[in-house]
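Data first, discussion second: the structure below is written as structure tokens.
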Amino acid sequence: MPGDVARVNGQLAASRAFGDKSLKSHLRSDPDILDINVDVKCDFLILASDGLWKVMSNQEAIDIARRVKDPQKAAKQLTAEALKRDSKDDISCVVVRFRVSNLTS
């Protein structure tokens with residue numbers, strides 16, 4: 001485990017090792033799948049990498065995204081917060097807003 005990133009067989013980070021034939025015996029790449037209906041109760045979707053989720057909970061991310069009307073600004077705010085919390089992993093974030101409610105900025 002060099003640094004704070006778990007490595008498969010001491011070589012590649014898990015997300016990069018899925019396609020590496022020599023590491024197949026150490027991994028399972030079965031996806032987690034959730035099938036839900038997007039209805040009026042769904043405000044937004046946050047898609048983010050480990051760099052965000054390692055330093056904040058789902059609820060913390062939701063609270064940040066709810067305060068920002070523009071989804072691109074919400075993603076930038078989430079990324080900035082992950083950096084502020086000293087995330088050591090790659091940070092990618094996309095916010096998809098399904099409806100606009102009474103929000104600020």
Side-chain angles (χ1 to χ4, degrees):
M1 255 180 83
D4 69 346
V5 178
R7 305 243 173 218
V8 177
N9 205 27
Q11 297 175 31
L12 294 175
S15 62
R16 294 185 57 210
F18 285 127
D20 195 299
K21 188 176 181 178
S22 67
L23 300 175
K24 291 282 187 202
S25 63
H26 302 286
L27 294 171
R28 285 187 54 187
S29 59
D30 301 328
D32 287 329
I33 298 173
L34 178 63
D35 184 6
I36 64 166
N37 291 321
V38 175
D39 58 21
V40 296
K41 295 177 185 175
C42 295
D43 293 329
F44 53 84
L45 169 69
I46 301 171
L47 300 169
S49 64
D50 285 351
L52 184 95
W53 301 122
K54 283 183 179 179
V55 295
M56 74 178 69
S57 69
N58 291 347
Q59 190 60 56
E60 289 171 314
I62 289 167
D63 292 345
I64 291 169
R66 275 201 175 125
R67 292 192 300 257
V68 184
K69 183 177 180 179
D70 179 82
Q72 185 173 8
K73 287 181 181 178
K76 286 182 179 181
Q77 180 117 12
L78 286 163
T79 301
E81 182 63 25
L83 287 169
K84 181 178 164 185
R85 295 181 184 198
D86 203 27
S87 177
K88 301 288 188 217
D89 208 337
D90 294 332
I91 305 168
S92 298
C93 183
V94 175
V95 176
V96 179
R97 184 159 300 282
F98 296 120
R99 68 181 179 140
V100 178
S101 56
N102 296 331
L103 302 171
T104 60
S105 68

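Keep in mind that the numbers below use all heavy atoms, side chains included, and drop hydrogens, waters and symmetry copies. Worth saying up front: this structure is predicted, and the values here are computed from it rather than measured.
In this structure the side chain of Asn58 reaches within 4.5 angstrom of the side chain of Trp53, judged on heavy atoms.
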Got a list of side-chain donor-acceptor pairs under 3.5 Å for residues 79-86, not counting sequence neighbours?
| residue | atom | partner | partner atom | Å |
| --- | --- | --- | --- | --- |
| Thr79 | OG1 | Ala75 | O | 2.9 |
| Glu81 | OE2 | Arg85 | NE | 2.8 |
| Glu81 | OE2 | Arg85 | NH2 | 3.4 |
| Arg85 | NH1 | Val55 | O | 2.9 |
| Arg85 | NH1 | Glu60 | OE1 | 3.1 |
| Arg85 | NH1 | Glu60 | OE2 | 3.4 |
| Asp86 | OD1 | Lys88 | NZ | 3.0 |
| Asp86 | OD2 | Lys88 | NZ | 3.0 |

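A distance of 5.5 Å separates CG of Leu52 from SG of Cys93, quoted to the nearest 0.5 Å. The distance from atom CG of Asp35 to atom CG of Asn37, rounded to the nearest 0.5 Å, is 7.0 Å.
In terms of heavy atoms, Leu78 sits closest to Ala65 at CD1-CB, 4.4 Å. Taking each heavy atom of Val68 and Ala74 in turn, the nearest pair found is CG1-N, 3.6 Å. For Phe44 against Ile62, the heavy-atom pair with the smallest separation is CZ-O, 3.7 Å. When every heavy atom of Ser49 is checked against every heavy atom of Ser92, the shortest pair comes out as OG-N, 2.8 Å.
Between the Arg97 side chain and the Asp70 main chain, no donor and acceptor come within less than 3.5 Å of each other.
Residues Ile36 and Leu47 are members of separate hydrophobic clusters, defined by side-chain heavy-atom contacts under 4.5 angstrom among Ile, Leu, Val, Met, Phe, Trp and Tyr.
Through ILVMFWY side-chain contacts below 4.5 Å, Ile33 is grouped with nothing and stands alone.
With sequence neighbours excluded, the residues that form a side-chain contact (heavy atoms from CB on, under 4.5 Å) with Asp63 are Gln59, Arg67.
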